[in-house]
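Below: one structure, written as structure tokens.
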Amino acid sequence: MFWDNFEIVRKIKIENSYQELFEKSKLDFDFAFLSLAGLSICILGLSINSSAMIIAPLIYSILVLPAAVVWKDKEGFFSSLWSLFLELIIGFVFCVALSYVLGVDTQGIDFITNLGQNPLSYFLVATIAGSAAALSLFWPGVSEKLTGVAVSVALVPPMAIMGIAVADQSREVLLNATVNLSLNLVGIIFGAYVILQFIKSRV
């Protein structure tokens, strides 16, 4: 009886979570404010070598891509891809402007020193974070807060550093941060896709 009830709850959550994910990924005022606030905190934190971080709603825009593939929603996929592109561009421009205004440079930031090292490790961390985030959004009883922090750590710092690098005219740091962000995006999408394929097969 308990297992049957759990199966009903699980199926309802999985079916509803796909639509809820699209709602959370919409580029509205709340989304924009929280995203820019997260980037601001990260840039200020990096400038004093602090690991200050908040959950960034950007995770929803990324997770909706593998979800659209798994649910065979072609229109939703391209719509979400365009939204993610706009969000990344807006976030990048904001980071450049804020870094320039605050005079933040690439010197003395510990995270930047390690940015170009062990790209495979960054990719694996992002893959695990993406799979955990997908599980937390689509599986009953799992909190999305902790996995949201994990994904934020994989995405927000490299984007913030890209902005700092442009403001500081540091091409090497910009290249390392861009590669890091790209690997993290691919890792999160891949990890989420694997988990969502498994979850979808269980419905």
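- Applying the side chain to side chain contact (heavy atoms under 4.5 Å, CB included) rule to T178 yields the partners M162, L174, S182; only residues at least two apart in sequence or on another chain are considered.
- For residues 186-195, the pairs satisfying side chain to side chain donor-acceptor pair (under 3.5 Å) are Y193-Q197, with sequence neighbours left out.
- One finds the CG atom of L81 at 11.5 Å from the CD1 atom of I62 (value rounded to the nearest 0.5 Å).
- Scanning both residues, L63 and G130, for their nearest heavy atoms gives CD2-O, 4.1 Å.
- Between A177 and I161, the shortest heavy-atom distance links the atoms CB-CG2, 3.9 Å.
- Applying the side chain to side chain donor-acceptor pair (under 3.5 Å) definition to pairs two or more places apart or across chains, none involves residues 75-85.
- Closest of all the heavy-atom pairs between N184 and P158 is ND2-CG, 4.0 Å.
- Expressed to the nearest 0.5 Å, how far CG of L155 lies from CD1 of I188 amounts to 3.5 Å.
- Hydrophobic clustering places V69 together with L185 (ILVMFWY residues linked when any side-chain heavy atoms are closer than 4.5 Å, directly or through intermediates).
- Between V173 and A165, the closest heavy-atom pair is CG1-CB, 3.8 Å.
- V64 and L135 fall within the same hydrophobic cluster, where Ile, Leu, Val, Met, Phe, Trp and Tyr residues are linked whenever their side-chain heavy atoms come under 4.5 Å apart, directly or through other members.
- Under the 4.5 Å side-chain contact rule for hydrophobic residues, I195 and F198 share a cluster.
- In this structure, CD1 in I189 is found 11.5 Å from CG in L196, a value given to the nearest 0.5 Å.
- When side chains are defined from C-beta on, F77 counts as touching L65, because their heavy atoms get closer than 4.5 Å.
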Atom pairs and distances, side-chain donor-acceptor, residues 84-106, under 3.5 Å, sequence neighbours left out:
unit_1 : atom_1 : unit_2 : atom_2 : d
E87    : OE1    : S61    : OG     : 2.6
E87    : OE2    : S61    : OG     : 3.3
S99    : OG     : C95    : O      : 2.7
D105   : OD1    : Q107   : N      : 3.1
T106   : OG1    : D168   : OD2    : 2.8

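- Side-chain heavy atoms closer than 4.5 Å link hydrophobic residues (I, L, V, M, F, W, Y) into clusters, and following such links, even through other members, never connects F123 to L181.
- If you chain together ILVMFWY residues whose side-chain heavy atoms come under 4.5 Å of each other, F190 ends up grouped with V194.
- In this structure, I128 shares a hydrophobic cluster with no other residue, the cluster being traced through Ile, Leu, Val, Met, Phe, Trp and Tyr side chains under 4.5 angstrom apart.
- Considering every non-hydrogen atom in both C42 and A160, the closest pair reads SG-CB, 3.9 Å.
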